[in-house]
Amino acid sequence: MTPEQAIFAIAGPICLVAAASAITRREPLASALGLTVTLFALAALFLGLGAPFLAFVQIAVYAGAIMVLLIFVIMLLGVSHLDIPHLKRPSLQLAGPLIAAALFIVLAIATIRSALPTASTDELPADQVNAIADVLFGRYMFAFEGASVLLLAALISAVVIARKRSTANEWPAR
Amino acid sequence: MPTEAYLLLGAALFALGAAGVVTRTNALSVLIAVELMLNAVNLTFVAAARRYAQVDGGVIAFFVITVAAAEVAVGLGIIIDLARRKTSVDVDDAADLRG
């Protein structure tokens, strides 16, 4: 058993179970914990796929920054917002598994029946950071600059949307 | 491991996330399910990068993480505003077009 197979055998099921718990638990905080475990398992899978740089970006940015923000807001809003969909809409209890099963079957058939182009015999470059930097600041330079503008726009809009509205200084006028 | 194994795992994660988006009524839970779908796609990108020995897939996954960060920041801002206006974060309470 190669290291990659071992990682897949361990992290794959963890990923699925944690994802299932993330979408079935009623408390948003429990869902967030399930998502965090999924993110760590995915980082392990990235390691197995020979992408250590992305694995650590996944842990630092996703499991670190984004999840802290998410959990901060969940706790800010309190635990009173329990999600009990099946009490409100009984049909949802059945719809969830049906939707998941139908979508998975379609995607699985598409994956199995489609002939992927033959795999490359090359190996990924051992120096991942250099290789990614070459591509990121070469071919994808404009996309990279666009992403930084997007982050700035998101930062400003998040402040504008989430700030408390005072009656004296209302903008935009509503 | 064959690439197909990763694609199937990604498909399963994506299906779980989609089911979560459709069935959850708490806006925070919906956001978490969306994150799940984004990560499922990231897994397929990284698996493809390995199969074709090109780092482009990894770079795209990098961009997806960036966009996810922006999406979470704006989404949580909207949810905080929603909680302030409606005193709930239930998506059914936000079904009308004017605040």
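Sequence lines set the chain letters: A, B, ... in the order given, protein chains first and strands last, and positions in each chain run from 1.
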Need one label for [X]: side chain, backbone, both or neither, based on atoms under 4.5 Å from any heavy atom in chain A.
| X | value |
| --- | --- |
| B:Ala49 | backbone |
| B:Gln54 | backbone |
| B:Val67 | both |
| B:Ala68 | both |
| B:Tyr52 | both |

Side chains of [X] and [Y]: does their closest heavy-atom pair fall under 4.5 Å?
| X | Y | answer |
| --- | --- | --- |
| B:Phe14 | A:Leu107 | yes |
| B:Asp56 | A:Arg139 | yes |
| A:Phe144 | B:Val59 | no |
| B:Val55 | A:Asp134 | no |

*Among B:Ile79, B:Ile78, B:Leu82, B:Ile80, whose side-chain contact (heavy atoms from CB on, under 4.5 Å) with A:Ile161 holds?*
B:Ile78
*Find the one option among A:Ile105, A:Val73, A:Ile99 whose heavy-atom pairs under 4.5 Å with chain B are most numerous.*
A:Val73
*So which residues of residues 147-154 of chain A are in contact with chain B at a heavy-atom cut-off of under 4.5 Å?*
A:Ala147, A:Leu150, A:Leu151, A:Ala154
_side chain to side chain contact (heavy atoms under 4.5 Å, CB included) between B:Asn39 and A:Thr38, worked out_ = CA-CA 9 Å; B:Asn39 274 285; A:Thr38 313; 5.9 Å; no
*Identify, with sequence neighbours excluded, every residue that meets side chain to side chain contact (heavy atoms under 4.5 Å, CB included) alongside A:Phe72.*
none
*Taking only residues two or more places apart in sequence, or in another chain, which ones meet B:Ala53 in a side chain to side chain contact (heavy atoms under 4.5 Å, CB included)?*
A:Ser120, A:Asp122
_Test question: given the 4.5 Å side-chain rule for I, L, V, M, F, W and Y, name all other residues clustered with A:Val68, or answer none._
none
*Applying side chain to side chain contact (heavy atoms under 4.5 Å, CB included), run through A:Cys15 and B:Leu13 and close with a yes or a no.*
CA-CA 8 Å; A:Cys15 218; B:Leu13 282 178; 3.8 Å; yes
*Check: B:Arg50 side chain, A:Gly48 main-chain N or O, donor-acceptor pair, under 3.5 Å*: no
*Drop me the distance from B:Tyr6's OH to A:Leu49's CG, to the nearest 0.5 angstrom.*
4.0 Å
*Return the option, out of B:Leu36, B:Ile60, B:Leu31, with the maximum number of heavy-atom pairs under 4.5 Å with chain A.*
B:Leu36
Under 4.5 Å from any heavy atom of chain B, what part of [X] do you find: side chain, backbone, both or neither?
| X | value |
| --- | --- |
| A:Ala143 | both |
| A:Thr2 | neither |
| A:Leu76 | side chain |

*Are B:Asn42 and A:Gln58 close enough that a side-chain donor and a side-chain acceptor fall under 3.5 Å?*
no
